[in-house]
Amino acid sequence: MEEKINIPLNGMYVFKPHEEFVKKANINDPSVYERAEYDFLGFWEELAENIDWFNKWDDVLKWEPPHAEWFLGGKLNASYNCLDRHIDKLGDKIAILWEGETGELRTYTYSELLAATSRFASALKNLGVKKGDIVTIYLPMIPEAVISMLACARIGAPHSVVFAGFSADSLAQRINDAGSKLLITCDGYCRRGKVLNHKGKSDDALSKSEFIEKVVVVQHENNDVSMEPGRDVWWHDIVKSSDPSCEPEVMDSEDMLFLMYTSGTTGNPKGVVHTTGGYMVGTYITSNWIFDLKEDDIYWCTADVGWITGHSYLVYGPLSNGATVLMYEGAPDYPDKNRFWDIIEKHKVSIFYTAPTVIRTFMKWGTHWVYKHDLSTLRLIGSVGEPINPSAWLWYYETIGGGRCPLVDTWWQTETGMILITPLPGITDLKPGSATRPFPGIKAVVLDDFGNELVDGTGGHLAVKTPWPSMMRTIYNDEQRFIDTYWSKWGLETYLSSDGARLDKDGYFWIRGREDDVIMVAGHRLGSAEIESGLVSHPLVAEAAVIGRFDDIKGQSIFCYVTLESGAVECEELRGELVDHVIEEVGPIARPKGIVFVDEMPKTRSGKIMRRVLKAIANGEELGDVTTLQDPTVVEDLRRKVESFFERC
Ligand code: WT7
């Protein structure tokens, strides 16, 4: 058992790293923090040696705030770093261990993954994809998703992966913003035993986008699909005749590796641009130090490839480390609630990285599902995506980790590319509910509204003061939005995360969650504005305002206020219709948990809806200052409507 020292620091337990773990940890020398601080550039330069470069860099960093370039002049290829360089030593080692929802298993050794990637990369070239072309990937959790990403990286075509659960409209919007000419999709995939017609959804999207010329379709479920001649080709057909070898393209350190669309405060998602050199250095080293990856680990990250966690910690980070990565296609409760623990037991998973919402769901389902299984192969567990409350942390630590495994609560964002605040498991004392300290070389701070550092435990805004290698470079096609969103509040040198946080007297960070109109549902990021524009596209909706309401399992749930067009009748049917409409417009992850019909929205004198007021009412919180409201009397009406909504539920 891990030594549990009951020092009531902030009323909390502190868990010291276990001596055995420390001895073998990839990083266990606490002086790494000072080293990174006094020789910031030297620190990152040394870490960059872990990546294979065709040509070394001339300069480590060019920082012209808010623009950073890292490892300038360096040449490399991300797929080479994830595949080719391991072949001599690890060619027969399993790179991907895939389990389908129906129990089907598929494995790829590093040699096999290189072969599959090269063949598909050649096929993409045959289809006319050139260096610099953005390829959109719309695939579920199947090995072809990883192969597609690596194949794009191999030929220097940036990928834009769109989460398979997103709607046709969301896909079309992303294709159009990126100007993608090629889409990779599949016929269908399984969710809770049901085959979803993914090709059909892709076709709907294509009817709304003018760019796509070619569609590659993976045959995964053998469901009936229609193939448009001249446009659609089967994956298995095009790889049959393609060249089995494909030289990795020599890419500049600052060439775009991928685009990842993420939600912001307007209806248009932001295309976050990540480049090659810095991203590889950042994801390599964070995977190595934080997950402590070793030769014989079986590493399972439950995140979908359609999100940044899937990019950094399912693909690029662990594969550049030569790890064995487990990939699971389906739901955690299919065919029953044993599934996750079955997988850990069967495949002897040693590192498990998941989201607090998963933990809280399992807490609710009950420990008996867990205790039936031998989880003794686990040696490290991790959490990401939202704040983990201390009781869920303790449950995870004790029940899943057996009190033996360090628990790394890792804070980061799509924009940061790599984990920025986290324990180092061989060094850091853990406090349940805290993401602990900034990674070495990261200067994270908590600021008040005026940009003054808060170190006395007062809550404020989480910001980062120094550049880091895997930081986003810009928003695709929208440089101004990049500056306005992240670098304008306190000047061009300070990155605004839009999360609230508090720093305790030991320098530990306690993340409090989003301060903007972004809602985190079960670790998935959704913009209020995206859901609102989905709602108002319904003919009976006049106005809509969407906020996050506290949810003890999912962190937040989607709560909507709607005013109807005159003549429309408020009724349960319409409520159900609006829920379906949002799912159709945005995707099932955006399913509203509550819709309240109101007569009027709370607005400022300039006509802006005050979501803060709506959020407070839905959460039963203090309203704060409402004097700026055009008509403060609407508050009472809103309150009544919300109360009667919950009474009926
Ligand atoms: C937002 C970023 C990159 C991870 C997956 C989500 C929240 C993430 C934590 C954590 C508290 C967290 C923040 C952040 N978040 N990790 N360990 N503790 N909050 O990426 O979709 O870009 O969302 O996730 O609110 O801003 P994302």
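All ligand and atom numbering here is 1-based and tracks the order in the structure. All heavy atoms count here, side chains included; hydrogens, waters and symmetry mates do not.
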Can you label the angle between the His159 ring and the Phe258 ring as parallel, tilted or perpendicular, going by 30° and 60°? parallel

Mind listing the N or O contacts between ligand 1 and protein, cut-off under 3.5 Å?
unit_1, atom_1, unit_2, atom_2, d
ligand 1, 15 (N), Gly385, O, 3.3
ligand 1, 16 (N), Gly385, N, 3.1
ligand 1, 17 (N), Asp409, OD1, 2.7
ligand 1, 17 (N), Thr410, O, 2.7
ligand 1, 18 (N), Glu386, O, 3.3
ligand 1, 19 (N), Pro387, N, 3.4
ligand 1, 22 (O), Thr414, N, 2.7
ligand 1, 22 (O), Thr414, OG1, 2.5
ligand 1, 22 (O), Arg525, NH1, 2.7
ligand 1, 24 (O), Gly385, O, 3.3
ligand 1, 25 (O), Asp499, OD1, 2.8
ligand 1, 25 (O), Asp499, OD2, 3.2
ligand 1, 26 (O), Gln413, NE2, 2.9
ligand 1, 26 (O), Asp499, OD1, 3.3
ligand 1, 26 (O), Asp499, OD2, 2.7
ligand 1, 26 (O), Arg514, NH1, 2.8

Listed by chain and number, what are the ring-ring contact (aromatic ring centres under 6.0 Å, His included) partners of Tyr495, not counting sequence neighbours? Trp468, Tyr486, Trp487

Geometric cation-pi criterion, Arg437 with Tyr33: 6.0 Å, 45°: yes

For Trp307, check ring-ring contact (aromatic ring centres under 6.0 Å, His included) against everything at least two apart and list the hits. Phe163, Phe166, His524

All ring-ring contact (aromatic ring centres under 6.0 Å, His included) counterparts of Tyr138, not counting sequence neighbours: His198

Kindly assign one of parallel, tilted or perpendicular to the pair Trp70 and Trp44, based on the angle between their ring planes and the thresholds 30° and 60°. perpendicular

